[in-house]
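Worksheet: the structure to be examined is printed underneath.
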Amino acid sequence: MKSERRLRRCLPVLLTLVLSCWCGILTQAAQGLRVGAAAEPLKASDEMVIGGSIFGGRVSGQEGELRATAVVLEKEPEERFAIVACDVLMMRRDLIDKALMDIEIKLGIPSSRVLINCTHTHHAPSTAKVHAYDRDPAFCREVQRGIYAAVEKAIANLSKSDCEFRFHLGREESVGRNSRLMMPDGQIRWTGSWLDAVRPTGPFDPELPTFSFLNDEGRLIAALFNHSTHTIGFRRARVRSPAFYGLAAQELEEERGGVFCFLQGASGSTHRLSLGADEATRRIKAAVGDSLDAAGSRDVARIASIKRLFTFRVRVFDEEAEERAVATYCRSVKGAAADAVIKVFHDQRDELRDKQGEPRQTWLQAMVIGDVAIVGVPGEFFTKLGLDIKNRSPFRYTYIAELANDWIGYLPDLDAHKLGGYQVWTGLHSYAEPGTGERIVDEAIDMLIELAEQ
């Protein structure tokens with residue numbers, strides 16, 4: 001009788017152990033995942049105009065590398081996917097589409113299964129016409145070359161055996177903050193001291209997920225991480241730089257091996273306001289490292305991607321109201337430079353005036369790796385909108401890669417449009433009609449639902 005009772009008590013434990021072992025076997029069998037990664041340096045020179053300010057400027061020298069970094073995933077040889085991050089401010093789709101076409105024709109990966117993200121470093125040669133400067137043609141060609149070369153090398157580096165996918169959702173709350181600050185005079189400021197601000201006008205997203213891939217010997221092949229703060233900040237003054245996220249990625253490579261790839265999150269309304277770049281680099285490195293150490297193995301039953309054209313319109317604007325908003329702000333904070341800055345935005349509106357209401361098309365993308373989703377959006381996406389996608393997604397783990405596959409300027413939420421400020425002034429940096437951001441959210445959710453139901 002005692003032995004029977006002991007057996008009855010042990011049966012649940014035994015069954016749990018058997019099921020755990022069986023599930024483990026199934027998980028191993030379901031992986032079938034091969035991974036390759038590579039980083040291709042992007043060559044630049046001191047003669048090239050740096051993007052990221054109102055006026056173009058030049059720098060002397062470089063710290064770290066500007067790179068195109070590619071991670072290629074494969075479940076079956078005919079089902080390869082690629083994620084690429086470029087250390088540039090942003091790129092329009094005419095440049096990116098050419099790179100995608102070369103990858104599809106020469107390397108056999110359909111453009112629908114390639115996501116190209118810009119890390120948004122403000123310390124690289126210009127790859128987009130914005131404000132008072134144009135893109136540098138030579139550097140644009142170099143970036144296109146680098147994208148292709150990184151994917152080609154990543155394919156050549158594909159693992160010979162199955163890889164393990166590890167994921168963890170970390171956090172880093174101190175490096176960034178919402179930077180659209182309500183000031184005592186009612187204006188929205190995005191630079192300068194935040195100490196005298198009344199309040200931030202939107203949320204900050206501290207999530208820092210890591211996606212890591214290990215070979216059958218447990219060696220790190222590639223790691224992707226995602227965070228949502230403007231990529232501004234070099235260690236040495238006035239040099240070309242991948243900025244603090246890129247510097248952290250390259251230092252992590254030296255310490256841990258593998259290839260590290262940063263995906264810029266929804267950071268159109270967030271900046272690094274109070275920390276120096278050196279400390280920001282150190283904190284991001286620590287947060288990524290902690291997340292990698294805490295990561296657990298996850299099944300990759302499938303990889304899937306949807307990429308669709310999305311139509312939006314150039315906004316219709318009131319010239320007098322726009323001129324007044326820019327002039328009022330500039331005359332209160334820009335001092336002697338006010339008139340020059342006012343003229344920059346006036347000239348941009350001149351360029352857009354005959355294009356008001358014009359329809360444009362851009363790309364949206366949704367990708368899943370197992371049960372983790374990445375949404376690619378084509379602009380500087382406000383954090384409130386990114387959080388809306390995360391909260392409404394059918395996938396528990398959903399992350400935004402902004403400046404992906406195109407750049408159509410800032411994409412503010414409707415409340416931000418009402419408040420005003422630089423990010424919503426009409427110009428080449430911000431020209432999509434109000435409501436475009438919310439429509440992108442709705443379309444992204446539809447794409448994620450479709451992926452979830454496949």
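Numbers here are sequence positions counted from 1.
A pairwise comparison of heavy atoms in Val71 and Ala222 identifies CG2-CB, 4.0 Å as the closest pair.
A distance-only check finds no donor-acceptor pair linking the side chain of Arg80 to the backbone of Ile109 [under 3.5 Å]. Side-chain atoms of Gln356 come within 3.5 Å of backbone atoms of Arg353 as a donor-acceptor pair (strictly under, hydrogens ignored). Listed for the Glu152 side chain is no donor-acceptor partner under 3.5 Å among the backbone atoms of Ile147. Without hydrogens or angle criteria, Ser291 side chain to His168 main chain gives a donor-acceptor distance under 3.5 Å. Remark: side-chain polar atoms of Arg236 are paired, donor with acceptor, to backbone N or O of Gln62 under 3.5 angstrom. Side chain of Glu207 to main chain of Arg171: no donor-acceptor pair is present (N/O by atom type, distance under 3.5 Å, no hydrogens or angles). One N or O on the side chain of Asp87 and one on the backbone of Arg67 form a donor-acceptor pair closer than 3.5 Å. Within the 3.5 Å criterion, the main-chain N or O of Thr281 finds no donor-acceptor partner in the side chain of Glu279.
Ring-plane geometry between His123 and Phe234 is classed as tilted, the angle between the planes lying from 30 to 60 degrees on a 0 to 90 degree scale. Between His131 and His429, the angle of the ring planes lies from 30° to 60°, which puts this pair in the tilted group. Aromatic ring pairs are classed by plane angle as parallel below 30°, tilted from 30° to 60° and perpendicular above 60°; the pair Phe382 and Tyr410 is perpendicular. Ring geometry for Phe211 against Phe165 counts as parallel: the plane angle stays under 30°, on a 0 to 90° scale with 60° as the upper cut.
Between the side chains of Thr398 and Ser393, at least one donor N or O sits under 3.5 Å from an acceptor N or O. Side-chain polar atoms of Thr362 and Asp406 form a donor-acceptor pair below 3.5 angstrom. A side-chain donor from one of Glu380 and His120 sits under 3.5 Å from a side-chain acceptor of the other. Remark: the Arg240 side chain and the Thr121 side chain contain no N/O donor-acceptor pair separated by less than 3.5 Å. Using modelled atom types, one finds no donor on one side chain facing an acceptor on the other under 3.5 Å when comparing Gln264 with Asn117. Judged by distance alone, the side chains of Asp136 and Ser126 never bring a donor and an acceptor atom under 3.5 Å apart. Between the side chains of Ser269 and Thr383, a donor-acceptor pair is found at a separation under 3.5 Å. Between the side chains of Ser174 and Arg283, at least one donor-acceptor pair of N or O atoms lies under 3.5 Å.
Within 6.0 Å of CG in Asp354 there are 12 or fewer heavy atoms belonging to other residues, nucleotides or ligands. For Glu320, the CD atom counts as loosely surrounded, since its 6.0 Å shell holds 12 or fewer non-hydrogen atoms of other residues, nucleotides or ligands.
The pair Lys98-Asp102 counts as a salt bridge, with a side-chain nitrogen and a carboxylate oxygen less than 4.0 angstrom apart. Salt-bridge formation is not detected for the pair Arg113/Glu79: no Lys NZ or Arg NE/NH1/NH2 atom is positioned less than 4.0 Å from an Asp or Glu carboxylate oxygen.
Taking the six-membered ring for Trp and the full ring otherwise, Tyr329 and Tyr422 have centroids separated by 6.0 Å or more.
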Might you work through the ring pair (Phe, Tyr, Trp, His ring centres under 6.0 Å) test for Tyr133 and Phe55, ending with a clear yes or no?
CA-CA 7 Å; Tyr133 53 89; Phe55 301 98; 9.0 Å; no
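No side-chain heavy atom of Trp407 sits under 4.5 Å from any side-chain heavy atom of Ile96.
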